[in-house]
Structure formats: structure tokens, C-alpha cells
There are 2 protein chains.
Amino acid sequence: MIRISTKGKYGTRLMVQLAMNYGKGPMLLKDIAKKENLSVRYLEHLIPPLKSARLIHSLRGAHGGYTLAKAPAEITLKDIIRALEGPLSPSECVESPEVCDRSGFCITRDIWAELEKTISATLAMYTLADLVQKYLSNTYHGEARSQ
Amino acid sequence: MIRISTKGKYGTRLMVQLAMNYGKGPMLLKDIAKKENLSVRYLEHLIPPLKSARLIHSLRGAHGGYTLAKAPAEITLKDIIRALEGPLSPSECVESPEVCDRSGFCITRDIWAELEKTISATLAMYTLADLVQKYLSNTYHGEARSQ
DNA sequence: CGTTATTCCTACTAAACAAGTAGGAATATA
DNA sequence: TATATTCCTACTTGTTTAGTAGGAATAACG
């Protein structure tokens, strides 16, 4: 199984919520969790990596919350997944050739390297602005947001 | 981490070895293991999924071994990884919408579906014949095969 | 017919990772 | 000082990964 974990999946949804709130001041994790029907306690874990990747800013204390660190159009899905899931390559040998003494001549490694490129390229194609636009033009939107 | 496991990685190397032996009769797992410096005991586990995907044939008993079930040019990396790693989609909701009640309107799910397409397409581009050709034209080849 | 070489099947294990929950400290506002 | 919020660390439970191990089934060969 070659799967994105809930970190990447929930984190993307969190970031889409922040994008939709962009320019309207800090957003509470509590509210994001409610809108996305996720646990605040779990979302908390996604914050440190997103902060160290400089994708979000935080404000502590009452009237605190989170904001995007850049405009939604400046943040790609690649940035988000990379921050939350780590390297996008399907094998460690791609980014760290020294972990395998075959790296110098391994043909399968070449494939994993190419696969990383197409994964990265696909994820880099989408910005948060694109996702927000998709979200808003979704016909199910009104209904889906009801809860 | 979105990683291919050793099943997919070792299994691909196993299949490349079978491809290089194509037309020369059955090959022993013992010999594949030696050439690729892998454990026979572990490679054994990769056989059942490869067989049920009809990618290899086996012959039991003395003078037994394994052969590709089709020509190397007819087997893609997608076939192999799919057989050994399961679905290529980054999220279960892509192939089984019913696992999440958001599937009907979820915009991130659309992204995971698109990502699956590019992963599948990239892996489908390469056949075992391509890998063998790469292998044989590798300058390190003579040296690397020495052990 | 018996020996040997091989695949095949099932079970077991140890370590790492995933997906959370929980307690409480630090900080800012009012 | 009370309250709302982020922040930090630890813990838990279940699943997956990466193997190892024992031995049964099968086929060839002398």
C-alpha cells in the first residue's frame, strides 16, 4: 500500500479551511475541527510541521488562532504534503543514495526517481486557491456545509 | 511517508531477473536471491501475489523454478507494483467511495484520484523489456554483476 | 523406490508506524 | 485575575513491515 496518511489528508482539509478564511483574521482550530468533523486534539499535531514549513502563522492566547503565511495562490499541495508526510519519493534511496550500495547502478532506483518527479509535478499543479475555487463551485456545497 | 515497501522493490528486482532469463527455462529462487543479494525466505512471500496476478509461472520439484508468464515487453511496472502493493491510489476513498461519506463532494478526493492517474500512467510506461535494456546498457553492469 | 531438489503453505516475531487521546504549561486578551 | 487559546510532551492501541522458521507437497533422477 502506497498511501497518504491522515496527516496529509486532514492537513490538506485544514489548509483549505484556512484558505477560505484568508484575509479574515485568525481562525480557531476548534472551528476548523467542527467544520471538517475532525478531532481538535489530532489536528494539533499537524500544526508544528506546517509552521516549520512556514505555511501558517499562529497567534496564541484569547482571540488567537491560525492564518496562512502566504496567499492561497502561493501554497501548493506539494508544499502541504511535503510538510506533513515528508519526502515524496517512493524510496529512501532516491533522496539518500548512501542508504543502499546499489544506488550507483540500480535501474529500479531510476524508476522511483522518475515516479517522484511525476508525483511532485502533479501535486505542485494545485494551489490552495484552486481548491477553494473548486470548493465554491461545487454544486453540493450548500448542502454539504450544512452540518 | 508515501513509500513503496520492500515487497514492491524486491519484487521488481525479482521480475527483472526473470525477464533477463526469459526463454532460457525456469529460474531458481535461490539464484535470484543470490544475484540480488536478498533472502530466499523473504522472496518466497512475493511469489503468491505475482502468481495470482498471472505474471509468473512456477514448476515444482527438482529442476523446477519460475518463469515469466508473458514476454517482458508485455509486463509493465504497474502490473508488478499493483500485484505486490495493492491499489495505487493514495487514499482508499478513491477506489471505495463508500468508506467516507464525504466522497460525493470532497475536493481533496478529486486530487487523490488525479494523483493515482499520474502514478499509474508513469508505472505503466515501463515494461520489463525496458528495464532489461537499461540494465544491459548500464556501464556499471560488468562490475556490478561480479558478485 | 528412495533420495534430493525445489516450490508451497502456515505460523510466528520484533520493530516501526499510524491514529489517535490526555494532561497540563505558556501566552495573550479583557 | 479569569478565560481562551496555542503549545509541548507523553501515552496507548492497533496495524503494518520485514522478516525467520518448520515442514508439507511435488517432481526428477538414479
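In what follows, chains carry the letters A, B, and so on, assigned in the order in which the sequence lines appear, proteins first and then strands, with residues in each chain numbered from 1.
If you check C:dA11, C:dA22, D:dG22 against the side chain of B:His45, the one that comes closest is C:dA11.
Within the structure, every side-chain polar atom (N or O) of B:Ser39 is placed at least 4.0 Å from both OP1 and OP2 of D:dA18. In this structure, B:Tyr42 does not reach the D:dT17 phosphate: none of its side-chain N or O atoms is under 4.0 Å from OP1 or OP2. Contact annotation: B:Lys30 side-chain N/O to C:dT6 OP1/OP2 distance is under 4.0 Å. Contact annotation: A:Thr6 reaches the phosphate of C:dA19 (side-chain N/O to OP1 or OP2, under 4.0 Å). Using a 4.0 Å cut-off, no side-chain N or O of A:Ser5 falls inside it from OP1 or OP2 of C:dC17.
Taking the charged nitrogens against the carboxylate oxygens, A:Arg3 and B:Glu95 do have a contact shorter than 4.0 Å, which makes a salt bridge. Taking the charged nitrogens against the carboxylate oxygens, B:Arg102 and A:Glu36 do have a contact shorter than 4.0 Å, which makes a salt bridge.
When the nearest nucleotides of DNA chain C are assigned to B:Leu28 and A:Glu44 by heavy-atom distance, the more 5′-ward of the two goes with B:Leu28.
Protein atom NZ of B:Lys34 is 10 Å distant from nucleotide atom P of C:dT6, rounded to whole Å. Between the CE atom of B:Met27 and the P atom of C:dT7 there is a distance of 11 Å, given to the nearest Å. C:dA5 atom C1' lies 12 Å from atom CG of B:Asp31, rounded to whole Å. Remark: C1' of D:dA18 and CD of A:Glu92 are 15 Å apart, rounded to the nearest angstrom. Put simply, CG on B:Leu50 is 11 Å from P on C:dC8, counting in whole angstrom units. Residue A:Ile47 contributes atom CD1, which lies 13 Å from atom C1' of D:dC8 at whole-angstrom precision. Across the protein-nucleic acid pair, B:Arg3 atom CZ and C:dC17 atom C1' stand 13 Å apart, rounded to whole Å. When rounded to the nearest whole Å, the span between CG of B:Leu46 and P of C:dC9 equals 15 Å.
Taking OG of A:Ser89 as the start and CE of B:Met1 as the end, the distance is 8.5 Å to the nearest 0.5 Å. Taken from CG in B:Leu50 to CG in B:Leu14, the straight-line distance is 6.5 Å, to the nearest 0.5 Å.
Of the options A:Thr76, A:Thr118, A:Leu88, a side chain to side chain contact (heavy atoms under 4.5 Å, CB included) to A:Leu123 is made by A:Leu88 and by none of the others.
Residues of residues 54-66 of chain A having a heavy atom closer than 4.0 Å to DNA chain C, listed by number: A:Arg60, A:Gly61, A:Ala62, A:His63.
Counting non-hydrogen atoms under 4.0 angstrom, B:Lys51 reaches the backbone sugars and phosphates but no base.
Atom CD of B:Gln133 has 12 or fewer neighbouring heavy atoms from other residues, nucleotides or ligands inside a 6.0 Å radius.
When hydrophobic clusters are built by joining Ile, Leu, Val, Met, Phe, Trp and Tyr residues whose side-chain heavy atoms come closer than 4.5 Å, directly or via intermediates, A:Met20 is grouped together with A:Leu38.
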